[in-house]
Amino acid sequence: MRTTYGLGGLVRMEWIKVRSLRSTWWLLVMTWVAMLAGGLGVGLGYRSHTPVAPATQIANNALAGAVLGQLLFGALGVLMVGGEYSAGTMRSTVLAAPRRAAVLAAKATVCTCVTLPVALLGCLMAHAAAQLAITSSPVSRLSLLDGRVVRTVLATALYLTAVALIGLGLGAIIRHAAGAVGALFAGIVIPMIIAGMFGEAGIAVSRFVPMMMLANSIIVTAPVSGTLSAAAAVAVMTSYAVTGLTIGAVLLRRRDV
């Protein structure tokens with residue numbers, strides 16, 4: 001008798017897989033370390049900065065660890081699919097669950113449920129570390145309850161989650177963990193370099209480059225002039241993730257495993 005798995009059953013299967021991998025926990029912990037170190041380093045660096053930095057400047061730089069965190073999250077997304085191809089277990093997965101698009105949807109659900117709370121906690125830790133580091137210094141502190149900080153934390157967490165989903169899509173498209181991680185890194189870094197080569201002419205395009213959106217729209221309390229708003233940047237990143245997952249689902253259905 002053949003068993004048909006619904007989305008709930010597939011999600012449970014994927015959750016068991018992702019929590020059983022050591023790489024999952026290492027990548028998540030490394031993300032926390034990167035976020036915490038970034039916030040602490042910024043706070044310590046500004047304690048004796050001349051002139052005294054404003055509170056918003058500390059907040060703008062406290063989440064700098066997200067620059068590394070996005071690569072770690074992207075790698076986690078890649079491994080949720082690419083790891084199965086590398087290990088040769090994807091064939092068993094699709095034999096047990098022939099609805100391949102549903103398999104990818106389950107992976108995306110688990111990926112989101114894992115990365116979003118981890119990203120939120122990492123952002124909170126980074127901001128708290130930066131504020132703690134400037135205690136008893138001339139630098140003014142900015143409360144976590146400040147609306148600008150809340151927006152920054154939420155936007156950064158959503159951005160990091162979107163990068164993880166982009167990695168998941170790339171893993172399904174490329175079907176090779178190392179290749180997908182390389183493509184993810186190239187997609188984040190190279191467009192920024194290319195846009196920079198065109199000077200002012202590249203500004204219009206750079207607004208839609210992930211790294212530029214992170215630095216100029218997401219982790220700052222107020223977007224840099226001429227760039228996207230935080231909400232628009234998150235929407236663009238979400239569209240990138242949806243596009244990657246859609247292409248990945250189509251190819252997963254059409255190709256032999």
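All figures in this text were calculated on a predicted structure; none of them were measured in a lab.
In this structure, the separation between CG on L36 and SG on C123 is 12.0 Å, given to the nearest 0.5 Å. Distance NE2/H127 to CE/M35: 12.0 Å, rounded to 0.5 Å. One finds the CD atom of Q57 at 12.0 Å from the OG atom of S140 (value rounded to the nearest 0.5 Å). Atom CZ of R19 sits about 11.5 Å away from atom CG of L21, to the nearest 0.5 Å. Note that the CG atom of L158 and the CG atom of L116 stand 6.0 Å from one another [nearest 0.5 Å]. In this structure, OH in Y46 is found 4.0 Å from CG in N61, a value given to the nearest 0.5 Å.
Between the side chain of T227 and the backbone N or O of P223 there is no donor-acceptor pair closer than 3.5 Å. Checked by atom type and distance alone, the side chain of Q70 pairs as donor or acceptor with a backbone atom of V67 at under 3.5 Å. S217 places a side-chain N or O within 3.5 Å of a backbone atom of L228 that can act as its donor or acceptor partner. Of the possible polar contacts, none joining the R253 side chain to the R100 backbone as a donor-acceptor pair under 3.5 Å is found.
M237 places a side-chain heavy atom less than 4.5 Å from the side chain of P210. At a threshold of 4.5 Å between non-hydrogen side-chain atoms, the residues M125 and W32 count as touching. At a threshold of 4.5 Å between non-hydrogen side-chain atoms, the residues V220 and N216 do not count as touching. Between L79 and L27, some side-chain heavy-atom pair lies under the 4.5 Å cut-off. Counting only heavy atoms from C-beta outward, the side chains of L214 and L63 never approach each other to under 4.5 Å. Between Y240 and F208 there is a side-chain heavy-atom pair separated by less than 4.5 Å.
Cluster annotation: L40 is not connected to V153 through the hydrophobic network of ILVMFWY side chains, with a link wherever side-chain heavy atoms come within less than 4.5 Å. In the hydrophobic cluster analysis, where Ile, Leu, Val, Met, Phe, Trp and Tyr join through side-chain heavy atoms closer than 4.5 angstrom, L124 is grouped apart from L132. In the hydrophobic cluster analysis, where Ile, Leu, Val, Met, Phe, Trp and Tyr join through side-chain heavy atoms closer than 4.5 angstrom, L145 is grouped apart from L120. No continuous path of ILVMFWY side-chain contacts below 4.5 Å connects V78 to L251, so the two sit in separate hydrophobic clusters. Tracing side-chain contacts under 4.5 Å through hydrophobic residues (I, L, V, M, F, W, Y), one reaches F185 starting from V209; they form part of the same cluster.
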Quiz item: Can you list the steps and then say if T109 with E14 is a side chain to side chain contact (heavy atoms under 4.5 Å, CB included)?
Solution: CA-CA 9 Å; T109 300; E14 294 302 328; over 6 Å; no
Exercise. Kindly indicate, with the supporting measurements, whether the criterion side chain to side chain contact (heavy atoms under 4.5 Å, CB included) is fulfilled by L28 and F73.
Key: CA-CA 8 Å; L28 295 179; F73 265 36; 4.2 Å; yes
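Environment of CE in M211: crowded, with over 12 heavy atoms of neighbouring residues, nucleotides or ligands closer than 6.0 Å.
Residue M80 forms a side-chain contact (heavy atoms from CB on, under 4.5 Å) with just one option from L104, V110, V114, T24, and that option is V110. Exactly one of V149, T156, L154 qualifies for a side-chain contact (heavy atoms from CB on, under 4.5 Å) with T152. That residue is T156. Remark: of the listed residues T115, L71, L68, L72, L72 is the sole one forming a side-chain contact (heavy atoms from CB on, under 4.5 Å) with T31.
Here the closest heavy-atom approach between residue I218 and residue A230 is recorded as CD1-O, 3.9 Å. Residues C111 and G77 share a closest heavy-atom pair of SG-CA, 4.5 Å. Annotation for A59 and T221: closest pair CB-CG2, 3.7 Å, computed over non-hydrogen atoms. Scanning both residues, I134 and G43, for their nearest heavy atoms gives CG2-O, 3.4 Å. Of all heavy-atom pairs between A62 and V42, the closest is N-CG1, 4.2 Å. The two residues L165 and A241 have their closest heavy-atom pair at CB-CB, 3.9 Å.
Taking a cutoff of 4.0 Å between a charged side-chain nitrogen and a carboxylate oxygen, K107 and E84 qualify as a salt bridge.
Not counting sequence neighbours, the partners of R148 by the side-chain hydrogen bond (donor to acceptor under 3.5 Å, both in side chains) test are D146. The salt bridge (charged side-chain N to carboxylate O under 4.0 Å, His left out) test applied to R47 returns no partner, not counting sequence neighbours.
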